[in-house]
4 protein chains.
Amino acid sequence: MPKKTFYNLDKEKRTRVLDAALEEFGSHSFHRATVSRIVERADIPKGSFYQYFESKKDLYRHLIEMSQEKKFEFMKGALEEMESEDVFGRLRKLYRAGFRFAEQNPRLLAVGQNLMKEDAELQEELLEESLASGEDFIIGTLKEGVENDEIDPNANLSVAASMITQYNLKLVDIFLGTPLNEGAEEFLKKIDSMIDILKNGLSKE
Amino acid sequence: MPKKTFYNLDKEKRTRVLDAALEEFGSHSFHRATVSRIVERADIPKGSFYQYFESKKDLYRHLIEMSQEKKFEFMKGALEEMESEDVFGRLRKLYRAGFRFAEQNPRLLAVGQNLMKEDAELQEELLEESLASGEDFIIGTLKEGVENDEIDPNANLSVAASMITQYNLKLVDIFLGTPLNEGAEEFLKKIDSMIDILKNGLSKE
Amino acid sequence: MPKKTFYNLDKEKRTRVLDAALEEFGSHSFHRATVSRIVERADIPKGSFYQYFESKKDLYRHLIEMSQEKKFEFMKGALEEMESEDVFGRLRKLYRAGFRFAEQNPRLLAVGQNLMKEDAELQEELLEESLASGEDFIIGTLKEGVENDEIDPNANLSVAASMITQYNLKLVDIFLGTPLNEGAEEFLKKIDSMIDILKNGLSKE
Amino acid sequence: MPKKTFYNLDKEKRTRVLDAALEEFGSHSFHRATVSRIVERADIPKGSFYQYFESKKDLYRHLIEMSQEKKFEFMKGALEEMESEDVFGRLRKLYRAGFRFAEQNPRLLAVGQNLMKEDAELQEELLEESLASGEDFIIGTLKEGVENDEIDPNANLSVAASMITQYNLKLVDIFLGTPLNEGAEEFLKKIDSMIDILKNGLSKE
DNA sequence: GATGAATGAGCTTTCATTCAT
DNA sequence: TATGAATGAAAGCTCATTCAT
């Protein structure tokens, strides 16, 4: 956790620091990111950095948590209006909500994506249970599909969920411009195509 | 490219160096891998390293290329006997061949997997077109499926191909023991499940 | 010397600061003690610290002087009732009084002991003449023993006095639990043994 | 242990590094000693330091061990010719030998003396059993005195041994010029006086 | 060509003290 | 006078690469 000195900072400076950190951790892995570049970009003395944060990891963890909270907050709305839909309609809405979140918080997305490429060790340390929970949520949703006769009860839901989360990584990479940043339309079409493939692939009959 | 001095080395030494490098780049990302550990493990002087290679990256690039060639060589056989099958049967065989390759070359696999987690920048530099080419091959195969009336011509083949390659990353992670190393059987079952989902998902009608 | 702002503080706060300082300098050498920990423990702002004291050393010096005064005050009583005894009886009482002081002011003792392990430079700066004066007092006492025919006039009193003060350091270390904190009884027995050895060692005949 | 690169250095440079280290650790405690000053004095790049040693502590440990070995080597001779003497004669010779060693290796002495003023933790880590063994050796010698009827069997040998080792610290301080460096004669007289006091103090009758 | 020592920029972190309000 | 953020020099250490023999 950042020290309270950080929260006592005036908002402009706090923002400057967070922006510099997002920029740094969005474009470098945790280990390659440097405090020196962050303080330089934020235009604060290096000593100040350690007045605000315990360590480089402290700041990183803060960013990750911020990102998760923000995304959770954002997704809550989407999740509520999903209730009525069938299971694939819900997944589609979930993805579209994710896309809107990404549009509004591209750097947060980049930080998270970089974390996904880190040591398993670091991931576990920072994400704790939340890593698995993403896939578990998908599996849960698919199970409801089975109960509603939308999904073949013999389908391997665990594999399907992995396919979804893995393809999501690809989407994020694409979104972040790796290798190329396509337009929103193109993007939403990809989401729909994936959902359609899975819908057909898993549906009863 | 390694310098010609490297190729002048007797085979035993060359192997020792490559083995040490595989070990290092298989267990560390490019940036965290150190030349010191490689030369120590290979039991060669540090100066020699730079007689053989231009730089750390030079060796890394060589490993990546070697790995790709070796895999290509290995897959050629599998590809030939795939001719007769239908498209999903071929994909299944492709994956099973990939699995056998992985079993025989786990460290090569690890190096490649680590590269997938690197900076986009580094990936582009080292993989050049070959990154896309893997996906292109899948797309080509799927296209044949369309022509043979096995696949719905309206299906988004590019998305399907991405789903396949992305899920492959997951399989490799599982294979390499992250997060858990399951038995071969379990493994092949996952492959089959994925193929089945896609088969249903993409098939005409 | 502390600034007058320190003396303007209400007693409770002043005590809090001194306690925090005793704790810190009792458990760390001067150089390893940190102002940050002191202000944190005393629950005062860091800026205030420098309102009260010129520097870390200023506070340290104050503590040392306080400690010496307090000990001197304490010992005065013991010294008075020693008059009637022979010289070794007096030394014994001196030590026992020192032991009681230690029991009542263990942290003061620890601070002093830590100082004894500092750079000679720092010691000289802070202790000035008082270092020697302890030994001089012992020598004075021994001289009286010579005059009273209790001590051999040829004995090297300076060496004897050093032996006493040096052994005292050992006792303090033991007392402070380094390497092991024995019971009071054991402790007093050691004092007696030392006195006995010296008594025999120095006595006439 | 220093790395083998250190031992491969030409003697002049190796000496320069060791001299710089002795100078640094002789005049500063382990924690206050800095690698920067050492490399500056030795006139080597900082990177080289870490080619030669694992860490600051590695070098320090080496110095301590060197010092102990050297002293042990030196003392062996003295110990042998002590056989014939009575117990106090032996202690006297021991001290005189120690003094000669000090004269020839004053900086080694200073390093050791600084270590005695360190954290108990650091001492234990670096000295392991050898710390206690010094006092044990003295006790053993005194015990022989008891067996030979030279020492009162009721004497507290443990206290006597502590007095000896503690006074030794004082002697070393004096020798190293803290507070003042006296002549050799004066010095030897102090040793004799201490031995005499103990001899009388412990002798039977 | 082989060797292994030399190099130095850069890393994260600490902390006494000063500054600005 | 009180406050707590600002500061920057300095610490130990790493490592890819170059240099000298």
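Any value given below was found using the heavy atoms of this structure, including those in side chains, with hydrogens, waters and symmetry copies removed. The sequence lines fix the lettering, A, B, ..., with proteins before strands; numbering per chain opens at 1.
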d(CG, B:Asp58; C1', F:dT18) in whole Å
16 Å

Nearest nucleotide by nearest heavy atom, which residue falls closer to the 5' end of DNA chain E, C:Lys56 or D:Gln51?
D:Gln51

Rounded to the nearest 0.5 Å, what separation is found between the CZ atom of A:Phe53 and the CG atom of A:Leu59?
4.5 Å

Whichever of D:Gly47 and B:Phe49 has the more 5' nearest nucleotide on DNA chain E, that residue is B:Phe49

For B:Asp10 and E:dA2, give me the distance from atom CG to atom P, rounded to whole Å.
10 Å

Roughly how many Å is it from OH in D:Tyr52 to P in E:dG4, rounded to a whole number?
15 Å

Tell me the interatomic distance from B:Phe6, atom CZ, to E:dA2, atom C1', rounded to whole angstroms.
16 Å

Nearest 0.5 Å please: distance from the CG atom of C:Asn114 over to the NE2 atom of C:His31.
11.5 Å

Could you check which residues of residues 15-32 of chain C get a heavy atom under 4.0 Å from DNA chain F? Sort them by number, please.
none

B:Leu63 CG to B:Leu22 CG distance, which is reported to the nearest 0.5 Å
4.5 Å

I need the D:Glu23 CD to D:Ile38 CD1 distance, nearest 0.5 Å.
10.5 Å

Could A:Lys3 and A:Asp58 be called an ion pair, given the rule that one side-chain N must be under 4.0 Å from one carboxylate O?
no

When you measure from every atom of DNA chain F, which of residues 35-46 of chain D have a heavy atom less than 4.0 Å away?
D:Val35, D:Ser36, D:Lys46

Given E:dC15, is OP1 or OP2 found less than 4.0 Å from the side-chain N or O atoms of C:Thr34?
no

OP1 or OP2 of F:dT14 less than 4.0 angstrom from a side-chain nitrogen or oxygen of D:Tyr50, does that happen here?
no

Salt-bridge criterion met for D:Lys57 and D:Glu125 (N-O under 4.0 Å)
yes

Rounded distance (Å) that lies between atom P of E:dA2 and atom CZ of B:Arg14:
13 Å

Salt bridge or not for D:Asp19 and D:Arg41, using N-O below 4.0 Å?
no

Involving DNA chain F, stems made of at least three consecutive Watson-Crick or G-U pairs, both distances under 3.5 Å
E:2-21 with F:2-21

Pi-cation contact, A:Phe30 with A:Lys56 (under 6.0 Å, within 45°):
yes

Check the distance between E:dC15's C1' and C:Tyr60's OH and give it to me in whole angstrom.
18 Å

Do the rings of A:Tyr7 and A:His62 sit parallel, tilted or perpendicular, given the 30° and 60° boundaries?
perpendicular

Separation of E:dA6 atom P from D:Phe53 atom CZ, nearest Å, is 12 Å

Between C1' of E:dA6 and NZ of D:Lys13, the distance in whole Å
7 Å

Just how far is it from atom NZ of B:Lys70 to atom CG of B:Asn105, taken to the nearest 0.5 Å?
5.0 Å

Using a strict threshold of under 4.0 Å (side-chain N to carboxylate O), is an ion pair present between B:Asp43 and B:Lys13?
no

Looking only at side chains, do B:Ser29 and B:Lys117 share a donor and an acceptor under 3.5 Å apart?
no

Specify the residue among D:Ser55 and C:Asn8 whose closest nucleotide of DNA chain F lies further upstream toward the 5′ end.
C:Asn8

Would you please confirm or rule out a distance under 4.0 Å between OP1 or OP2 of E:dT3 and any side-chain N or O of B:Ser48?
yes

